[in-house]
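See below for the structure under consideration.
Position 1 is the first residue of the sequence, and the numbers go up from there.
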Amino acid sequence: MKRKEILLCMIELLEIRGETASICPSEVARKCFPDTWRGQMEEVRSVASDLAREGRASILQKGIEISPDNWKGPIRIRIKK
């Protein structure tokens, strides 16, 4: 259930921003789990990677799309239409 909640929240935030904007994974975690968001970051990033593998989102670092399978450090997520 937690992954589905994260996925729905992530898609909602991405659709609000539009296809040229991006979101930080922490925005998703904070919206879904305001009191325990830090502990949810790994799961949020995992959901973002799944979306990217499905071709529904891009994982970005410094504005450049990167592989959803091999990244470290801060990322942004952008929807693909």
- Gln61: what forms a side-chain contact (heavy atoms from CB on, under 4.5 Å) with it, not counting sequence neighbours? Ile66, Ile75

- Query: So do the side chains of Ile77 and Pro25 get within less than 4.5 Å of each other, counting heavy atoms only?
  - Reply: yes

- Item | Donor-acceptor under 3.5 Å (Ser49 side chain, Pro68 main chain) | yes

- Could you list the residues that satisfy salt bridge (charged side-chain N to carboxylate O under 4.0 Å, His left out) with Asp35, not counting sequence neighbours? none

- Residue set satisfying salt bridge (charged side-chain N to carboxylate O under 4.0 Å, His left out) with Glu15, at least two apart, ordered chain then number -> none

- Members sharing Leu8's hydrophobic cluster, built from side-chain contacts under 4.5 Å between Ile, Leu, Val, Met, Phe, Trp and Tyr, are none

- Taking the side chain as every heavy atom from C-beta outward, state whether Val44 and Met10 have any pair of such atoms under 4.5 Å apart. yes

- Can you name the nearest heavy-atom pair linking Met41 to Ala29, along with the distance? SD-CB, 3.7 Å

- Quick one: CZ on Arg78 to CD1 on Ile59, what's the gap to the nearest 0.5 Å? 11.0 Å

- salt bridge (charged side-chain N to carboxylate O under 4.0 Å, His left out) against Glu12, all qualifying residues, sequence neighbours excluded: Lys31

- Task: Hydrophobic side-chain clustering at under 4.5 Å (ILVMFWY, transitive links): who's grouped with Ile64? Put none if nobody.
- Result: none

- Item | All side-chain contact (heavy atoms from CB on, under 4.5 Å) counterparts of Arg76, not counting sequence neighbours | Arg17, Ser22, Cys24, Glu27, Leu60

- Item | side-chain contact (heavy atoms from CB on, under 4.5 Å) involving Glu43 - partner list, sequence neighbours excluded | Lys2, Arg3, Ile6

- Message: My understanding is that only residues two or more places apart in sequence, or in another chain, count here; which of them pass salt bridge (charged side-chain N to carboxylate O under 4.0 Å, His left out) with Arg38?
- Response: none

- Has the side chain of Ser46 got a donor or acceptor atom that lies under 3.5 Å from a matching backbone atom of Glu42? no

- Query: For Asp69, which residues count as a side-chain hydrogen bond (donor to acceptor under 3.5 Å, both in side chains) partner, sequence neighbours excluded?
  - Reply: Arg53

- Using side-chain contact (heavy atoms from CB on, under 4.5 Å) as the criterion, list what pairs up with Thr36, not counting sequence neighbours. Phe33, Gln40

- Message: Could you tell me if the side chain of Cys32 sits less than 4.5 Å from the side chain of Trp37, heavy atoms only?
- Response: no

- Would a 4.5 Å heavy-atom cut-off, applied to side chains only, mark Leu51 and Lys80 as touching? no

- Item | Approximate separation, where rounding is to 0.5 Å, of Ile79 CD1 and Ile11 CD1 | 7.0 Å

